[in-house]
Amino acid sequence: MSFDTPASSLNASDPHARLLGASCLDFLLIELVPMAERLAKELASEDKIPDDEEIRETTFFRLESLGYRVGQGLAERRFSRDRPRFADNLDIIKFLCKDLWTILFKKQVDNLKTNHRGVYVLTDNSFRPFARMSTSVRSEAVSMAQAYLWFPCGVIRGALSNLGITTTVQAESTELPGATFQIKTVNPKP
């Protein structure tokens with residue numbers, strides 16, 4: 001899998017360009033998955049149990065946990081401190097789709113659907129981390145891309161947690177560069 005950065009997309013003469021921040025996030029997201037996989041393989045080799053499923057689960061846990069911490073910090077420090085309280089969960093999800101997504105991925109979510117019973121489906125037809133992914137076999141790219149969804153799932157879960165909603169988040173991609181995130185709220189036990 002490779003990532004291509006077209007030079008024409010960079011405009012260094014624009015004083016308002018946020019090239020450094022966007023590039024840093026892009027490079028971070030590109031390197032996070034291989035780094036987490038290397039660490040998981042090292043842990044598995046120390047245990048003398050090189051199980052592919054164990055490596056996959058360890059990688060997922062590490063990426064999702066890192067994303068969770070980032071999401072918590074973003075919601076706490078950057079976005080919610082100067083805003084009035086949200087009226088309900090749907091308002092919080094809309095905030096995620098518009099404001100948080102724009103900061104992270106330079107665009108809003110393309111589509112939000114809900115069943116009004118705690119399930120929300122966010123669709124991003126041109127998910128920024130997938131915009132420059134390529135491999136020789138298209139179906140291989142889609143399966144490899146799944147690991148790159150774990151960090152954003154954690155970001156979503158962390159941000160929503162800090163805004164008062166306990167959730168589970170799952171993501172999938174059936175065709176690059178699109179991604180779909182399913183958010184299910186978890187009712188707290190009394």
Inset, instruction - Measure across Pro129 and Leu29 and return the closest heavy-atom pair with its distance rounded to 0.1 Å. - result: CG-CD1, 3.7 Å
Legend entry - Cluster link Val121 to Leu90, ILVMFWY, side chain under 4.5 Å: no
Legend entry - SG on Cys153 to CG on Leu63, rounded to 0.5 Å: 10.5 Å
Legend entry - Leu74 vs Val70 side-chain heavy atoms within contact, under 4.5 Å: yes
Legend entry - 4.5 Å side-chain heavy-atom contact, Gln182 and Val119: yes
Inset, instruction - Identify the two heavy atoms, one from Tyr68 and one from Ser161, that lie closest to each other, and give their separation to 0.1 Å. - result: OH-OG, 2.9 Å
Inset, instruction - Could you tell me the separation between the OG1 atom of Thr102 and the NZ atom of Lys107, rounded to the nearest 0.5 Å? - result: 8.5 Å
Legend entry - Shared hydrophobic cluster for Phe61 and Ile156 (ILVMFWY, side-chain gaps under 4.5 Å): no
Inset, instruction - Would you please classify the geometry between the Phe127 ring and the Trp101 ring as parallel, tilted or perpendicular, with 30° and 60° separating the classes? - result: tilted
Inset, instruction - Would you confirm whether Ser126, through its side chain, and Pro177, through its main-chain N or O, come within 3.5 Å as a donor-acceptor pair? - result: no
Inset, instruction - Measure the spacing between OG1 of Thr180 and NZ of Lys113 and express it to the nearest 0.5 Å. - result: 9.0 Å
Inset, instruction - Decide yes or no on side-chain contact (heavy atoms from CB on, under 4.5 Å) for Leu122 and Asp124, but give the supporting numbers first. - result: CA-CA 7 Å; Leu122 286 59; Asp124 189 335; over 6 Å; no
Inset, instruction - Evaluate the criterion side-chain contact (heavy atoms from CB on, under 4.5 Å) for residue pair Leu160 and Ile93; output intermediate values, then yes/no. - result: CA-CA 8 Å; Leu160 293 177; Ile93 299 293; 3.9 Å; yes
Inset, instruction - Using the salt bridge (Lys or Arg N to Asp or Glu O under 4.0 Å) rule, take Glu31 and Arg38 through it: C-alpha gap first, then chi angles, then the decisive distance, then the call. - result: CA-CA 11 Å; Glu31 185 53 30; Arg38 281 190 307 270; 2.9 Å; yes
Inset, instruction - Determine whether Ile183 and Ile165 make a side-chain contact, defined as any pair of heavy atoms from C-beta on separated by less than 4.5 Å. - result: no
Legend entry - Heavy atoms from other residues, nucleotides or ligands near CD of Glu57 exceed 12 (cutoff 6.0 Å): yes
Inset, instruction - Fit a plane to each ring of Phe86 and Phe95, take the angle between them on a 0 to 90° scale, and name the class: parallel (under 30°), tilted (30 to 60°) or perpendicular (over 60°). - result: tilted
Legend entry - Between OG1 on residue Thr167 and CZ on residue Phe181, distance to nearest 0.5 Å: 12.5 Å
Inset, instruction - Taking all heavy atoms of Gln146 and all of Glu172, pick out the closest pair and write down the distance. - result: OE1-CA, 3.7 Å
Inset, instruction - For residues Tyr120 and Thr185, determine if any side-chain heavy atom of one lies less than 4.5 Å from a side-chain heavy atom of the other. - result: yes
Inset, instruction - Begin with the C-alpha distance, continue with both residues' side-chain angles, and end with the deciding distance and a verdict on side-chain contact (heavy atoms from CB on, under 4.5 Å) for Val142 and Leu176. - result: CA-CA 6 Å; Val142 171; Leu176 295 179; 4.2 Å; yes
Inset, instruction - Would you give the length of the straight line joining atom OG1 of Thr59 to atom CG of Leu43, rounded to the nearest 0.5 angstrom? - result: 9.5 Å
Inset, instruction - Specify the closest pair of heavy atoms between His116 and Thr114, including all atoms of both residues, with the distance to one decimal. - result: N-OG1, 3.0 Å
Inset, instruction - Please name the pair of heavy atoms, one in Ala75 and one in Leu163, separated by the smallest distance, quoted to 0.1 Å. - result: CB-CG, 4.1 Å
Legend entry - Shortest non-hydrogen contact between Leu96 and Leu100, atoms and distance: CD1-CD2, 3.1 Å
Legend entry - Residue Lys98 excluded, over 12 heavy atoms near NZ under 6.0 Å: no
Inset, instruction - Quick one: pull up CG in Asn125 and CG in Asn111 and give me the separation to the nearest 0.5 Å. - result: 7.5 Å
